[in-house]
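Read the structure below first, then the notes.
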Amino acid sequence: QVQLAESGGGLVQAGDSLRLSCAASGRTVRSYSVGWFRQAPGKEREFVAAIRWSDGTTRATDSVKGRFTISRDNAKNTVYLQMNSLKPEDTAVYYCAARLGVILQISSPSYPYWGQGTQVTVSS
């Protein structure tokens, strides 16, 4: 089992950057894949990016490619989401989630472990 805790959200202006952190605890974190999802008011939760902890392989949704980067720090057991060139449509609660295994799933039900979420608000 793994526990997750997000941090780093906030209120920024369009064009600014933020870095979200997802601290993971548990003895076998290297066996997991971690994803970032977001949910805006009145919308369904959507996939943003994911990383395979064992080798750092990543995937991201098209709307954030070139702006967002997912990475991990093995020493700190932390996954990051670097968000650049933020847009108002990026406003949402951002969640990190984990699943055992190497497949980088984009479906939220595939992830059994979730953090509490962190709010990102981008003003125009």
Side-chain angles (χ1 to χ4, degrees):
Q1 191 169 351
V2 64
Q3 292 80 43
L4 305 171
E6 304 97 332
S7 61
L11 172 63
V12 297
Q13 293 186 331
D16 285 351
S17 298
L18 273 178
R19 188 178 76 163
L20 305 183
S21 300
C22 174
S25 60
R27 293 184 298 172
T28 60
V29 292
R30 303 291 184 270
S31 300
Y32 285 78
S33 296
V34 175
W36 283 99
F37 291 78
R38 63 187 181 186
Q39 187 166 19
K43 295 188 176 181
E44 293 188 353
R45 191 168 296 186
E46 65 170 349
F47 171 79
V48 177
I51 188 166
R52 183 182 302 153
W53 208 303
S54 59
D55 64 3
T57 300
T58 65
R59 71 182 296 183
T61 192
D62 287 345
S63 63
V64 306
K65 286 180 180 177
R67 299 189 300 124
F68 292 10
T69 302
I70 188 171
S71 63
R72 91 272 195 236
D73 184 326
N74 287 336
K76 296 182 178 180
N77 274 4
T78 299
V79 171
Y80 301 102
L81 185 67
Q82 178 67 44
M83 305 186 295
N84 299 328
S85 302
L86 282 161
K87 305 175 181 180
E89 51 263 43
D90 294 317
T91 295
V93 177
Y94 283 70
Y95 299 89
C96 67
R99 64 182 303 274
L100 189 63
V102 299
I103 298 176
L104 300 180
Q105 296 282 3
I106 65 171
S107 171
S108 58
S110 299
Y111 292 80
Y113 306 108
W114 290 81
Q116 80 286 355
T118 186
Q119 177 70 47
V120 172
T121 303
V122 184
S123 63
S124 57

Practice problem: Output, in order, the C-alpha distance, side-chain angles, deciding distance and verdict of side-chain contact (heavy atoms from CB on, under 4.5 Å) for L18 and D16. | Solution: CA-CA 7 Å; L18 273 178; D16 285 351; over 6 Å; no
Quiz item: Quick one: are W36 and V79 in side-chain contact, heavy atoms under 4.5 Å?
Solution: yes
Quiz item: With side chains defined as the heavy atoms from C-beta onward, is the minimum distance between R67 and D90 less than 4.5 Å?
Solution: yes
Quiz item: How close do Y32 and A98 get, heavy atom to heavy atom, and via which atoms?
Solution: CD2-CB, 4.0 Å
Quiz item: Is there side-chain contact between R38 and T91, with at least one heavy-atom pair below 4.5 Å?
Solution: no
Quiz item: Do E6 and L20 touch side chain to side chain, with heavy atoms closer than 4.5 Å?
Solution: no
Practice problem: Classify the angle between the aromatic ring planes of Y94 and F68 as parallel (below 30°), tilted (30 to 60°) or perpendicular (above 60°). | Solution: tilted
Quiz item: Can you find a pair of side-chain heavy atoms, one from N74 and one from R30, that are under 4.5 Å apart?
Solution: yes
Practice problem: First locate atom CD1 of I70, then atom SG of C96, and finally report the distance between them rounded to the nearest 0.5 Å. | Solution: 9.0 Å
Self-check item: Hydrophobic cluster membership, V48 vs I51, 4.5 Å side-chain cutoff
Solution: yes
Quiz item: Is it the case that one hydrophobic cluster holds both I106 and Y111, taking links as side-chain heavy atoms less than 4.5 Å apart, direct or via other members?
Solution: yes
Quiz item: Parallel, tilted or perpendicular: which fits the ring planes of W114 and F37, with parallel below 30° and perpendicular above 60°?
Solution: tilted
Quiz item: Nearest heavy-atom pair of P109 and S107: which atoms, and what distance?
Solution: CD-OG, 3.0 Å
Practice problem: Tell me whether L104 is reachable from Y80 by hopping between hydrophobic residues (I, L, V, M, F, W, Y) whose side-chain heavy atoms are closer than 4.5 Å. | Solution: no
Quiz item: Can you tell if the side chain of Q13 reaches within under 4.5 Å of the side chain of S123, non-hydrogen atoms only?
Solution: yes
Self-check item: Smallest separation among heavy atoms of A60 and V64, with atom names
Solution: CB-CG2, 4.0 Å
Quiz prompt | NZ/NE/NH1/NH2 to OD/OE distance under 4.0 Å, D62 and K65 | solution = yes
